[in-house]
Amino acid sequence: YKYWFHIETHQSYFKSSNKIYDVKKIKEISLLLSYICQMTKNLDKKGLKSIVDNYDLYFIDLWGVIHNGIEIFKSSIEVLNELTKLDKEYILLTNAPRPNANVRIFIEKMGMDKKISTKIYTSGEAALDYLIANFKEKKFFHIGPSRDFSLFKTFEKNKINDLNEAEYLLCSGLFDVQDKELSFYKKLLAAHFKKIMVCTNPDLIVERGKVREFCAGSVAKVFEELGGKVEYFGKPYPKVYNQATNLINRKVLCIGDNLNTDIRGANFQNFSSLLISNGIHREEINQDKITNLFKRYDVTVDFLQSNLKW
């Protein structure tokens, strides 16, 4: 299990979401101690139940862990039911660019019980709170599919179609008719990099069944490469965890299939992490040693499972 050390360092990180977080000093020490004190433990044989007593709060990713966009994984639902029996709190924390209510409807149509779906907290919900507080009366240009319109329903009157007149950009994904190539967005945004972009889903890609799709994070990355400033909402950025629930004096385990968001978010917060290997990194894991993959993504992983199982 993870060994805990208290280290006094200068903590000037997490200044703003458009900058690379200054975690170098803390991260170097954390990585060193991780290599010395632990190795990633595979839970395929013993299951999550073997470590369940060590934590009282679980952040569990939806897409890639609970479902694949088409069907729900039964073994994952068993885990959620067992956590409930043990009175363990869990949050189904997802980088979905829509309000909680819309994602709950989507997941319930796949067969999820309403008692479980109430545990969902989305990056869209986190962004919505910020937008209402800071940008409610400002004109914006929306980049994303029409299914995401629910995100700004309360201030839809401020949506404009002329990018030149927009005061900020709201990116929830890719346009329905321009969802295959990022070069379109490079051309579209090239003259507008001085505007601020609010990104409601930091994920770069997602798998719908066996088909990979670009997410809002990919467009935001293009915008940053042009010199633009992006405000991100969702994993791995710290704010979303605090918005989702109370973190004070909690022993936290983050479960997900994405090293860039789920695992990096856990590392930033100094939470324990469990990687689901049969997810978005499946092909990379098959082609390379798992330890090499962790080094390449510059993350530490405490536990590993092929699929989430009790």
Side-chain angles (χ1 to χ4, degrees), residues 1-9 11 13 21 23-61 63-66 73 75-76 78-80 82-83 86 88-91 93 203-204 207 235-238 241 247 249-310:
Y1 300 116
K2 180 173 284 188
Y3 288 76
W4 295 97
F5 296 81
H6 180 69
I7 303 166
E8 294 293 339
T9 58
Q11 298 188 16
Y13 54 106
Y21 292 149
V23 295
K24 188 174 182 181
K25 291 181 181 178
I26 291 175
K27 200 166 188 181
E28 285 177 352
I29 296 171
S30 177
L31 285 169
L32 176 62
L33 293 176
S34 295
Y35 293 142
I36 293 172
C37 298
Q38 70 163 61
M39 293 178 63
T40 301
K41 184 176 180 180
N42 193 310
L43 299 182
D44 276 340
K45 291 184 178 180
K46 294 186 176 181
L48 185 68
K49 62 180 178 291
S50 65
I51 61 168
V52 73
D53 291 336
N54 299 330
Y55 306 98
D56 53 38
L57 174 61
Y58 297 78
F59 285 112
I60 305 174
D61 186 32
W63 205 306
V65 178
I66 304 298
F73 305 136
S75 63
S76 296
E78 179 188 1
V79 168
L80 302 183
E82 292 297 331
L83 290 175
L86 294 172
K88 299 285 187 178
E89 182 183 0
Y90 66 86
I91 305 293
L93 187 62
D203 282 357
L204 300 176
E207 287 186 341
K235 299 170 289 185
Y237 302 96
Y241 299 92
L247 299 177
N249 297 323
R250 308 299 295 274
K251 297 177 181 178
V252 182
L253 177 67
C254 295
I255 303 173
D257 71 323
N258 194 313
L259 292 171
N260 271 323
T261 54
D262 301 307
I263 305 304
R264 196 177 306 283
N267 287 180
F268 280 164
Q269 298 281 77
N270 201 27
F271 297 152
S272 295
S273 61
L274 190 166
L275 175 70
I276 302 302
S277 61
N278 195 26
I280 201 72
H281 297 288
R282 180 176 58 253
E283 295 302 322
E284 290 175 279
I285 291 171
N286 289 339
Q287 294 172 9
D288 200 354
K289 290 182 179 180
I290 194 77
T291 52
N292 291 340
L293 188 66
F294 296 164
K295 289 178 182 178
R296 190 160 77 246
Y297 280 85
D298 194 21
V299 296
T300 58
V301 178
D302 299 293
F303 304 103
L304 186 73
Q305 265 193 319
S306 298
N307 300 287
L308 184 60
K309 292 183 179 179
W310 185 246

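As the structure is a prediction and not an experimental result, all values here were calculated from the model. What's counted below: heavy atoms across the whole structure, side chains too, no hydrogens, waters or symmetry copies.
Phe59 places a side-chain heavy atom less than 4.5 Å from the side chain of Leu247. Looking at heavy atoms from C-beta onward, Ile51 lies out of side-chain contact with Asp302 at the 4.5 angstrom threshold. The shortest distance between side-chain heavy atoms of Gln269 and Val252 does not fall below 4.5 Å. Phe294 is listed as a side-chain neighbour of Leu275, based on a closest heavy-atom distance under 4.5 Å. Two residues are said to be in side-chain contact when any heavy atoms from C-beta on lie closer than 4.5 Å; Asp262 and Cys254 fail this criterion.
Minimum interatomic distance between Ile276 and Leu308 (heavy atoms only, all atoms of both residues): CD1-N, 3.7 Å. Closest non-hydrogen pair, Ser50 versus Leu43, comes out as OG-CD2, 3.7 Å. Among all heavy-atom pairs drawn from Val52 and Tyr58, the shortest one is O-OH, 2.9 Å. Scanning both residues, Ile285 and Leu293, for their nearest heavy atoms gives CG1-CD2, 3.5 Å.
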Practice task
Take Leu83 and Ile60, measure what side-chain contact (heavy atoms from CB on, under 4.5 Å) needs, and give me the verdict at the end.
Solution key: CA-CA 12 Å; Leu83 290 175; Ile60 305 174; 4.0 Å; yes

Handout entry: Arg250 and Phe271: CA distance, side-chain angles, deciding distance, side-chain contact (heavy atoms from CB on, under 4.5 Å) verdict
Key = CA-CA 10 Å; Arg250 308 299 295 274; Phe271 297 152; over 6 Å; no

Exercise for the section: Walk me through it: do Ile290 and Thr40 pass the test side-chain contact (heavy atoms from CB on, under 4.5 Å)? Expected result: CA-CA 10 Å; Ile290 194 77; Thr40 301; over 6 Å; no

Exercise for the section: Before giving the answer on side-chain contact (heavy atoms from CB on, under 4.5 Å), spell out for Tyr241 and Leu57 the whole-Å C-alpha distance, their side-chain angles and the decisive distance to 0.1 Å. Expected result: CA-CA 11 Å; Tyr241 299 92; Leu57 174 61; over 6 Å; no

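Shown here is Lys251, whose NZ atom has no more than 12 heavy atoms of other residues, nucleotides or ligands within 6.0 Å.
Distance CG/Asp298 to CG/Asn260: 10.5 Å, rounded to 0.5 Å. Atoms CG and CG, from Leu304 and Leu274 in turn, are 7.0 Å apart once rounded to the nearest 0.5 Å. Atom CG of Asn278 sits about 8.5 Å away from atom CG of Asn286, to the nearest 0.5 Å. To the nearest 0.5 Å, atom CG of residue Asp203 and atom OG1 of residue Thr261 are 4.5 Å apart. Of the inter-residue distances, the one linking Asp44 atom CG with Asn307 atom CG reads 8.0 Å to the nearest 0.5 angstrom.
Between Phe303 and the choices Asn42, Leu48, Leu253, the side-chain contact (heavy atoms from CB on, under 4.5 Å) rule is met once, by Leu253.
For Thr291, there are no side-chain hydrogen bond (donor to acceptor under 3.5 Å, both in side chains) partners at least two apart in sequence or on another chain. Remark: Asp61 pairs with Lys235 by the side-chain hydrogen bond (donor to acceptor under 3.5 Å, both in side chains) rule, at least two apart or across chains.
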